[in-house]
Participant: 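A single structure is presented below for examination.
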Amino acid sequence: MTAIRTRFAPSPTGYMHIGGMRTALFNWLYARRHQGTFILRIDDTDQARNVESALGPILQAFRWLELGWDEGPEVGGDFGPYFQSQRNDLYTAACQKLVEQRLAFYDFTTPDRAKAEREAAEKEKRNYINNRDDFELSAADVRSKIDAGENYVIRFAVPRDSGEKIVIDDEVRGRVEFDPTTMPDPVIMRGNGTPLYNFATVVDDAAMQISHVIRAEEHLSNTPVQALLFDALGYTRPTFAHIPYVAAPGTKEKMSKRKLEQYRKNPKFKMLFEHGDFIFPLLGLKQELGLDPVMVEYYEKIGYLPDAVFNALARIGWSLDDQTEIMSRDTVIKNFSLDRVVKSPAGFDPDKLLSFQSHWMNEVPLSEKATRCLPYLTAAGYLSEREDQVGLEYVEKVITAIGDRLVLFSDILKYDEFFTPDAELKYDEKAFKKRILKNDDAIPLLQDLASGLESSALSTPDEFDKFVHDWVEQKEIQIGQIIHALRVAVTGKGSGVGMFDAMAILGRERCVDRIHRCVKEAANSDSQS
RNA sequence: GGCCCCAUCGUCUAGUCAGGCCUAGGACACCGGAUUUUCAGUCCGAUAACGGGGGUUCAAAUCCCCCUGGGGUCACCA
């Protein structure tokens, strides 16, 4: 059995696309499942500029999801270099070989003419095929044209005379056939000596002994050209597996950064955007950073767990069986197989992602939750760097009270009432109106309760609970008649963590202060209206 | 338009290759009920799908054909 070697070959674009991440994951999974090798190769043939800064976020996404690569940038390997911009000699040599065998030819057709021919074909609703006027040119002719300064490209000559179809036995799609007589001769080299994608990919996949090319479905139409190139170069074709692309929520369309504005209106996507809109400004992350839900970074920044994203990504277009949804890394690795990949486009479902998140969040121990919430609190200015250590215990208390309501790490910012100074506590307008202003009993009851609290020495939730209940009994009212007003007074909000947990966290004194402040605030509102 | 791919609940899917165990299973979302001071959670429950038409067969979600619909791709981008 030959060794399993898979690869993911991103071009340095400055961000990691969530769909690309899913493709990378399947490659990684396949390699891990079969004790194979997962390779990261950088497709930077086009723009060699700023590769480093444009690659950073991509590598970071892999690190964050803990998808280690066995060969590639930073780690090296026996088949390097892993940047296509550094492999030009290989492409040149391979191309030269094809030219010598007359399997490829210099084409001096001007871009303008090629374009005109293509448009003409399109107009006549005919399949376009490039001209082969220069196919017969002798080496000497070619030489003199080049010396004369004529521009050219090198095209691979698609073998159209065999009368045979090009057959791809795809691991996901099954047998797919293409007709070579309808295919134009692809350009494999530009006049400036740089290779084109289809060519560089084949040369590299062969040189790196890639056994399985697992990629998104949009590459299916590239496959016949590449298959032919493998043949012409004398290499064995790898196994191809074209997995469905990741569709935008609720659609069958490929998720694309260009359609971001449209996604904002998508009800399924809306919540995700809104969360970012709420969180990022608090963190001081400017919109100019361009974070959006198409990027993996978005999920990292907003406080998703890598395990949740891993789980969700693995379930896009793949299933273990008819039941299992929640899967650990190990479970996925042990069970991943190409024959359980679906053929139809798989929509990305933010709701499902969130439900995975909430499951995996419950597995995270308290201390880790606190540690990972801390950066959000610090960035939002609730804690200074120095307070981090001191504040950890307090944060743990808050998180305990929040319980399951903490789904994302950034959710901690929704509970700012525990972190904001008493004098700066903001009141939710609706809740304040409903529970305080429109409730005539609220103010006197709160004042009465506050004075009771003042002369007490309560500290635990149970003590607050008993105290308030005893007080309610003595007043001969229902708990519901005070608890809502109390919550607004103490937390500024209409809903939140358990009332007595909240009081215990803040402590008796702060509760009393906040009640007084609330009473004052209500008086102000009254006089204004 | 050419080529290629795809088609089961609102969404993701199981079932299709080896037709019967499918009066189509699960999950998410939604809705209802219970619990609770609120929210969340939890527990119960409900609604909900084989795109259409022809075949083949005792039997079709499953096999064949056609139609329709959706999508991908058609660069001297990757």
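All figures in this text were calculated on a predicted structure; none of them were measured in a lab.
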Participant: Between A:R160 and A:D185, does any side-chain N to carboxylate O distance fall below 4.0 Å?
Facilitator: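 Yes, A:R160 and A:D185 are salt-bridged.
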
Participant: Base, sugar-phosphate alone, or nothing: which one does A:R340 contact when heavy atoms must sit under 4.0 Å apart?
Facilitator: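 Sugar-phosphate, no base atom in range.
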
Participant: Heavy atoms under 4.0 Å, any strand shown: does A:N222 hit a base, just sugar-phosphate, or nothing?
Facilitator: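 The answer is base, as A:N222 lies within the cut-off (heavy atoms under 4.0 Å) of a base atom.
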
Participant: Please name the nucleotide paired to B:U57 by Watson-Crick or G-U wobble geometry with both distances under 3.5 Å, or report none.
Facilitator: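 The answer is none; no pair meets the criterion.
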
Participant: So, A:F26 versus A:F336, ring centres under 6.0 angstrom or not?
Facilitator: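 Distance test on ring centres: under 6.0 Å, yes.
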
Participant: Between the protein and nucleotides 41-52 of chain B, list the N/O to N/O atom pairs that are separated by less than 3.5 angstrom.
Facilitator:
{"from": "B:G41", "atom 1": "O2'", "to": "A:D404", "atom 2": "OD2", "distance (Å)": "2.8"}

Participant: RNA chain B: A:E253 or A:Y128, which has the more 5' nearest nucleotide?
Facilitator: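 That would be A:E253.
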
Participant: Which base, if any, makes a Watson-Crick or G-U wobble pair with B:G2, both distances under 3.5 Å?
Facilitator: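 Paired with B:G2, as far as the under-3.5 Å criterion goes, is B:U73.
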
Participant: Does B:G45 pair with anything, Watson-Crick or G-U wobble, both distances under 3.5 Å, and if so, with which nucleotide?
Facilitator: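 Pairing partner: B:C31.
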
Participant: Do the side chain of A:K352 and the base of B:A29 come within less than 3.5 angstrom through a donor-acceptor pair of N or O atoms?
Facilitator: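 No.
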
Participant: Could a donor-acceptor pair under 3.5 angstrom be found where the side chain of A:R173 meets the base of B:C5?
Facilitator: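 Not at all, since no donor on one side and acceptor on the other fall under 3.5 Å apart.
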
Participant: Calculate the interatomic distance between A:K493 atom NZ and B:U38 atom P; express it in whole Å.
Facilitator: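 A:K493 atom NZ is separated from B:U38 atom P by 19 Å.
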
Participant: Can a side chain N or O of A:R118 be found less than 4.0 Å away from OP1 or OP2 on B:C74?
Facilitator: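 No.
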
Participant: How is A:K254 classified with respect to the nucleic acid when contacts are heavy atoms under 4.0 Å: base, sugar-phosphate, or nothing?
Facilitator: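 The answer is sugar-phosphate, as A:K254 gets under 4.0 Å only of primed atoms, P, OP1 or OP2.
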
